[in-house]
Each structure stands twice: as C-alpha cells, then as structure tokens.
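To find a chain, count down the sequence lines: A is the first, B the second, and so on, and within it residues start at 1. Everything numeric here is computed off the predicted structure, so don't read it as measured data.
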2 protein chains.
Amino acid sequence: MTTADTTPRDFAALKALIIERGKTLPKRLSQIAAFALDHPDDIAFGTVASIAEQAQVQPSSLIRFSQAMGYQGFSELQEIFRARLRDRVPNYEERIAQLREHAKSASKAHILFEGFSEAAQKSIADLGSKLEAGTLDKAVARLAAAQTIYIVGLRRSFPISSYVAYAFGKLGIRHVLIDGLGGLASNDLTFATPKDAVLAVSFTPYASETVTLVTQAARMHVPVIAITDSAFSPLARDAEIWFEVAEANFEGFRSLAATLALAMTLTVAVAEKRGS
Amino acid sequence: MTTADTTPRDFAALKALIIERGKTLPKRLSQIAAFALDHPDDIAFGTVASIAEQAQVQPSSLIRFSQAMGYQGFSELQEIFRARLRDRVPNYEERIAQLREHAKSASKAHILFEGFSEAAQKSIADLGSKLEAGTLDKAVARLAAAQTIYIVGLRRSFPISSYVAYAFGKLGIRHVLIDGLGGLASNDLTFATPKDAVLAVSFTPYASETVTLVTQAARMHVPVIAITDSAFSPLARDAEIWFEVAEANFEGFRSLAATLALAMTLTVAVAEKRGS
DNA sequence: TTGTGATTAGAATGTTTATTCCATTTTTGC
DNA sequence: GCAAAAATGGAATAAACATTCTAATCACAA
C-alpha cells in the first residue's frame with residue numbers, strides 16, 4: 001500500500017464503492033458484490049463459510065473480494081457492515097431508560113406487548129420497502145374492474161378477509177366473503193366468472209380449502225389476486241398478481257399488521273378508482 | 001434436557017428472563033446480567049474474551065451465564081442478541097431514504113399504503129406509551145382464571161375477535177366466539193357464569209349487539225374485559241377492566257394495528273399464565 | 001486452435017475463539 | 001467457627017475460523 005488510502009471507513013462509502021466497481025469485477029466477485037448489497041445483515045453476522053455458501057461462492061472468493069475493495073481481509077470488511085448496525089441504534093439512552101422502567105414493573109405481559117409491537121412495526125416497514133407500485137396498480141385495476149369480488153381467507157387469514165368484507169360493505173362494493181361455514185366453501189365460487197375477481201389471502205401452512213378454491217378459480221379463468229408469503233406458495237402459482245408479505249414473528253406468533261395495511265390499501269384504492 | 005424447554009428464542013423474552021432472574025444470580029453472573037442489559041450491542045458483536053474484559057469478569061463466567069439462562073453455550077445466547085439487531089426496525093433516516101426511492105414510482109395506491117402504514121405505526125407507538133402494566137396484568141389474571149372466555153366483537157372489531165378465537169383455539173383455551181350469526185347473538189351468553197369472562201372489543205359507533213351483550217354480562221356478574229376507544233364508551237361503564245386504544249386514522253379508515261397487537265398480547269399472556 | 005494471463009476451486013495452514021477443567025476462593029448452613 | 005457446597009479464576013483444550021497456497025479452469029488475443 002504505497003498509494004493514498006481510499007478504502008471506505010463507513011458503510012455509505014463502501015456501498016457506493018461496491019455499486020461503482022461491482023459490475024466491472026470478475027464473475028464471482030461481482031456475484032459477491034450483488035449479494036453484499038442485498039444481504040448486508042448476513043455479511044455483518046455470518047462467517048466466511050456461511051456467507052460463501054449463501055452467496056454460492058468459495059470462501060476464498062470472499063477474501064479476494066474484500067481485498068479488491070481495499071481491505072486486508074474479510075474481517076476488516078465485515079467490521080464496516082457491523083458498524084452500520086451498531087450506529088443504527090437510534091437513541092441508546094432512551095432504550096436504557098425503558099429497560100429501567102420495566103425492571104420496576106417487570107410485567108411479563110408488557111414485555112409481550114413490546115415484542116408484538118416490534119414485530120408489527122418491522123413487518124410494516126419491511127413491506128413498505130418491498131412493495132412495488134406497479135404490482136399494486138395492476139391489482140387495483142383488476143379488482144376495480146371486477147363485477148363481484150370473492151374474498152378468500154381462512155383460519156389465520158380470516159381476520160383479514162373479514163376486514164376486507166366489512167370495508168367493501170361500507171364502500172358499496174359488491175363482494176362475497178367465503179367463510180367456509182357449513183363446509184360448503186367450494187360451492188361459493190360456482191357462479192364466479194372471468195368478469196369477477198378473487199382476492200385470496202393465505203400463509204404457511206396454507207389452508208387446504210383456500211388452495212383448492214384458488215386452483216379452481218384459476219381453472220375457471222377467474223383472475224386471482226393473492227396475498228401470500230413466498231414465491232413457493234401454491235397461491236403464487238395460480239395467481240395473476242400476487243404480493244409477498246413477510247410478517248415478522250414473535251414467540252411463534254406472526255404479525256398481521258403488514259397484511260392488514262395492504263388489505264386496507266387495496267380496498268380503499270379500489271373504491272377510489274371506481275369512484276372516479 | 002428432559003424438561004420442557006423454556007429457553008427464550010427472541011430478545012424480548014430473554015430480556016424478561018434476565019430482568020427476572022438477574023438479581024438472584026451469584027455475584028459475577030448478576031454482574032453479567034446487568035452488563036448484558038446495558039450493552040446489548042456489545043454482546044452481539046463482541047467475542048467472549050472482549051466482552052469478559054469489558055464486563056470485568058472471566059471468559060468462563062460468560063459461558064456459565066449463558067448456561068444459567070438455559071443455552072448450551074455463549075454462542076447460542078449471542079445469536080439472540082444478534083437477531084435483535086437483524087430484526088430492528090429501520091431508523092428514521094433509512095425510512096426516509098426508502099420513501100425517496102419510492103417517491104419516483106409513487107402511484108396513488110402506493111401513497112395510500114404509506115398512509116395506512118403510518119397510521120398503524122403511530123397507533124402502535126401511541127398505545128405502547130399509554131398501556132399500563134398493571135391493567136394488563138389484571139386483565140391477564142382475570143382471563144387466565146376464567147373457565148370459558150366469551151369473545152365479543154362485531155363489524156369493524158370482528159377481525160380482532162376472530163383472530164383471538166383462532167389463537168385461543170391453537171393454544172387450547174376454551175372459548176366461545178360470538179359471531180352474531182343468525183341474529184341469535186344474545187343467546188350465546190345465556191350460559192355464562194361469574195366463573196367465566198367476557199373479552200369485548202368495540203369502537204365508535206359501538207355495535208348495539210356488543211353493548212347489549214356486555215350489559216347483560218355485567219348484570220349476570222360475568223367479569224368483562226373490554227378494549228374500546230374512550231372512557232365514555234358504553235363498554236367502559238360495564239367492564240371490570242378496560243383498555244383505551246386510540247387508533248390513528250387515514251382517509252377515514254381507522255387502523256387496527258394497535259388493537260391487534262394488544263389482542264395478541266392478551267391471548268399469549270393468558271396461555272403462558274395458564275401454562276405455568 | 002494455441003498460448004498466456006486472469007480467475008477460480010478446494011485443500012492446507014496457522015490463528016482466533018469458545019469451551020472445559022480443575023485448583024482456589026467465597027458463600028452457606030449448622 | 002467449621003464443614004460442605006457453590007462460585008470463581010485462570011490455564012488447557014478443542015473447535016471454528018479466516019486466510020493462504022496451488023493446481024485447475026476459464027477468457028481471450030493472436
């Protein structure tokens with residue numbers, strides 16, 4: 001190192017460098033560059049071996065990448081990624097004060113509430129960063145054009161579908177809520193036509209009735225708009241348009257906050273589109 | 001490990017455990033407990049040796065502490081501290097930056113989503129600052145002691161009550177969801193006794209069936225726990241314990257996020273109380 | 001094609017790190 | 001105040017780790 005040291009000392013500068021030089025790097029190193037931008041948290045906490053596996057490269061490539069960025073080795077680069085998480089802590093003192101307060105009352109239930117709050121906040125923020133305006137617009141257009149909207153969502157998703165049904169009712173939008181009452185769920189889609197639309201909500205483990213209904217709708221060429229949790233969901237396969245919502249969980253209970261916000265958005269957007 | 005595994009899997013639960021058991025631990029371990037609460041980030045990023053030095057203990061004490069908390073070793077405990085940073089909601093600057101990125105492609109629907117997100121976030125934060133641990137504990141105790149929990153919540157509150165019913169079902173807690181099907185709602189409380197409890201949810205304009213049911217329950221000396229929106233609510237009058245939840249609204253649609261977080265807290269807390 | 005330099009895969013290496021073990025000290029119950 | 005139990009300190013150890021090295025592969029110019 002005889003030249004002036006331009007190696008980034010903070011995350012923003014490093015990110016800029018990776019974006020700038022990323023494309024021009026050799027294949028494997030460029031692959032790592034993309035991975036680093038997409039999964040900064042994994043770089044921060046992973047080991048060379050674990051990250052290499054996730055990014056589908058050899059461990060040695062990670063060291064070469066780090067050196068290409070100007071660091072002596074991987075550990076030095078990782079330190080930048082870690083500092084980013086350290087600095088993200090908003091107001092340290094405030095959190096400590098919170099802790100002290102809780103130490104007094106030490107209510108287990110209150111701590112649960114904090115956990116669920118955080119899961120909800122995180123889920124919403126996460127969806128906000130991933131949600132694409134294009135998908136949203138297409139879904140709204142489809143639903144606004146439908147004669148009748150069939151709402152499918154059972155078990156854990158039933159709060160969502162019942163909310164949508166309630167809101168559609170207030171907004172004067174013709175809809176059918178499929179509630180599985182009397183085990184006759186599949187009958188309720190019998191009269192659906194390609195001029196209608198299905199709004200389906202389901203998460204792992206996908207309720208079998210929901211999957212059946214969506215498959216049936218797709219076969220009948222009824223457009224399906226789905227809210228689900230991964231590209232591998234059986235709903236994603238049959239849906240014309242689908243949203244991926246990754247809800248954070250706490251104590252094994254997944255939040256519903258992000259899904260609910262999305263459902264509200266869809267209902268109101270559809271109403272506004274129809275109104276104009 | 002033949003006993004039931006109560007080892008915390010997320011930070012909030014671990015924090016609770018450390019607060020609870022911290023004082024009763026031996027000197028050095030209690031010292032570590034205090035350090036862990038004060039410097040969670042250092043635990044997340046440090047090595048056993050570096051943390052030991054900062055906390056003024058021997059490295060081996062850290063392993064002993066981890067084991068005292070139920071983990072196999074320090075690494076397992078550290079993973080909880082790391083997950084906390086992974087899942088942390090992005091800070092303000094990051095959210096603004098994200099918003100800017102989206103502003104380019106901002107469609108009308110996307111703006112709606114931002115609005116509902118904000119309403120949800122605000123509602124949750126607001127409830128978090130107002131919720132009293134004492135009220136929460138009392139409500140949990142009441143519900144945990146009940147033989148059968150009757151869940152009342154119609155119209156806009158139905159998503160909440162159906163969620164609670166779903167969760168109680170999964171947790172094996174005896175309950176009756178009053179869904180007003182067939183207009184026979186009031187019959188469903190006929191068999192309730194003072195050994196049971198009613199969990200009622202209602203907001204302005206209060207669904208008349210809900211109000212009737214709660215009044216009826218109070219007259220029959222069935223304890224009522226209510227979630228509502230003001231001290232002037234007819235539910236507050238008849239309830240033994242009640243929560244005030246002020247949901248922010250956007251475009252005339254009130255959020256449900258805070259109510260949902262509270263409902264989740266109550267269900268899980270009741271299950272945990274019964275389990276112990 | 002063939003040769004050359006760049007790039008990569010994967011095993012080998014030496015270092016860091018968590019964990020264990022045991023002698024010593026401190027606390028507890030009588 | 002004494003014996004027994006619990007807790008602690010610190011060295012020893014084994015596992016995990018980042019890094020290096022070399023043979024093999026790839027890209028590309030002639």
Side-chain angles (χ1 to χ4, degrees), chain A residues 1 7-8 14 17-18 21-36 39-86, chain B residues 1 7-8 14 17-18 20-36 39-85:
Chain A
M1 287 238 193
T7 309
L14 175 54
L17 181 69
I18 295 177
R21 305 224 0 238
K23 312 275 177 193
T24 72
L25 287 169
K27 197 171 163 196
R28 283 295 116 88
L29 301 194
S30 150
Q31 196 173 324
I32 293 171
F35 182 86
H39 309 274
D41 289 7
D42 294 302
I43 305 276
F45 290 118
T47 68
V48 168
S50 72
I51 297 164
E53 198 190 331
Q54 285 186 78
Q56 307 240 59
V57 296
Q58 287 293 320
S60 48
S61 301
L62 271 171
I63 281 92
R64 276 186 284 115
F65 174 78
S66 309
Q67 288 166 346
M69 292 298 124
Y71 303 96
Q72 215 176 326
F74 170 76
S75 304
E76 229 177 54
L77 175 124
Q78 187 178 43
E79 192 41 52
I80 308 291
F81 279 79
R82 290 187 167 182
R84 165 177 160 272
L85 291 182
R86 263 190 237 268
Chain B
M1 290 288 145
T7 309
L14 175 55
L17 182 68
I18 294 177
E20 186 195 330
R21 304 214 11 229
K23 314 276 178 193
T24 72
L25 287 169
K27 199 173 162 195
R28 282 295 114 88
L29 301 193
S30 151
Q31 196 174 325
I32 293 172
F35 182 85
H39 310 275
D41 289 7
D42 294 302
I43 305 276
F45 290 116
T47 68
V48 168
S50 71
I51 297 163
E53 198 191 330
Q54 285 185 80
Q56 307 242 57
V57 297
Q58 285 295 319
S60 48
S61 300
L62 271 171
I63 282 94
R64 273 197 295 268
F65 175 76
S66 309
Q67 286 165 345
M69 293 297 124
Y71 303 96
Q72 219 176 329
F74 171 76
S75 305
E76 233 176 53
L77 174 123
Q78 188 178 43
E79 191 41 52
I80 309 290
F81 279 78
R82 292 187 165 181
R84 164 175 159 275
L85 290 181

Notebook entry, point to check: Given the side-chain rings of B/Phe65 and B/Phe74, with only the six-membered ring counted for Trp, is the space between their centroids under 6.0 Å?
Noted result: no
Notebook entry, point to check: First and last nucleotide of DNA chain C touching chain A, 5' to 3', heavy-atom cut-off 4.0 Å?
Noted result: C/dT7 to C/dG10
Margin query: Mind checking if B/Gln78 touches a base, just sugar-phosphate, or nothing, with heavy atoms under 4.0 Å?
Written below: nothing
Notebook entry, point to check: If you look at every strand shown and take non-hydrogen atoms under 4.0 Å, does B/Gln67 touch a base, only sugar-phosphate, or nothing?
Noted result: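 Sugar-phosphate contact only - B/Gln67 comes under 4.0 Å of backbone atoms but never of a base.
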Rounded to whole Å, how long is the line connecting atom [atom1] of [X] with atom [atom2] of [N]?
{"X": "A/Lys27", "N": "D/dC28", "atom1": "NZ", "atom2": "P", "answer": "12 Å"}
{"X": "B/Leu25", "N": "D/dA7", "atom1": "CG", "atom2": "C1'", "answer": "12 Å"}
{"X": "B/Gln56", "N": "D/dT8", "atom1": "CD", "atom2": "P", "answer": "15 Å"}

[X] side chain to [Y] main-chain N or O, any donor-acceptor pair under 3.5 Å?
{"X": "A/Ser50", "Y": "A/Gly46", "value": "no"}
{"X": "A/Tyr71", "Y": "A/Pro8", "value": "yes"}
{"X": "A/Gln58", "Y": "A/Ala52", "value": "no"}
{"X": "B/Glu76", "Y": "B/Gln72", "value": "yes"}

Check: What bend angle does the helix from C/dT1-D/dA30 to C/dC30-D/dG1 show across its length, from five-pair end axes and to the nearest 10 degrees?
Finding: 30°
Margin query: Taking 4.0 Å as the cut-off, does a side-chain nitrogen or oxygen of B/Ser61 come that near to OP1 or OP2 on D/dG9?
Written below: yes
Margin query: Please determine whether a side-chain nitrogen or oxygen atom of A/Ser60 lies at a distance below 4.0 Å from atom OP1 or OP2 of D/dA18.
Written below: no
Under 3.5 Å, side-chain donor or acceptor atoms of residues 21-29 of chain A against the rest of the protein: list the pairs with distances, not counting sequence neighbours.
from: A/Arg21; atom 1: NH1; to: A/Ala68; atom 2: O; distance (Å): 3.1
from: A/Thr24; atom 1: OG1; to: A/Arg21; atom 2: O; distance (Å): 3.0
from: A/Arg28; atom 1: NE; to: A/Gln31; atom 2: OE1; distance (Å): 2.9

Item checked: First of B/Gly46 and A/Arg28 reached from the 5' end of DNA chain C, by closest nucleotide -> A/Arg28
Notebook entry, point to check: Which nucleotide, D/dT20, D/dC17, D/dG9, lies nearest any side-chain atom of B/Arg64?
Noted result: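 Among D/dT20, D/dC17, D/dG9, the one nearest the side chain of B/Arg64 is D/dG9.
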Item checked: Heavy-atom side-chain contact between B/Phe45 and A/Leu85 under 4.5 Å ->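 B/Phe45 reaches A/Leu85 side chain to side chain.
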Next item on the list: Report yes if some heavy atom in the side chain of B/Leu17 is under 4.5 Å from a heavy atom in the side chain of B/Met69; otherwise report no.
Entry: yes
Note to self: Can you tell me how far apart OG (B/Ser66) and CD1 (B/Ile80) are? Round to the nearest 0.5 Å.
What the structure shows: 10.5 Å
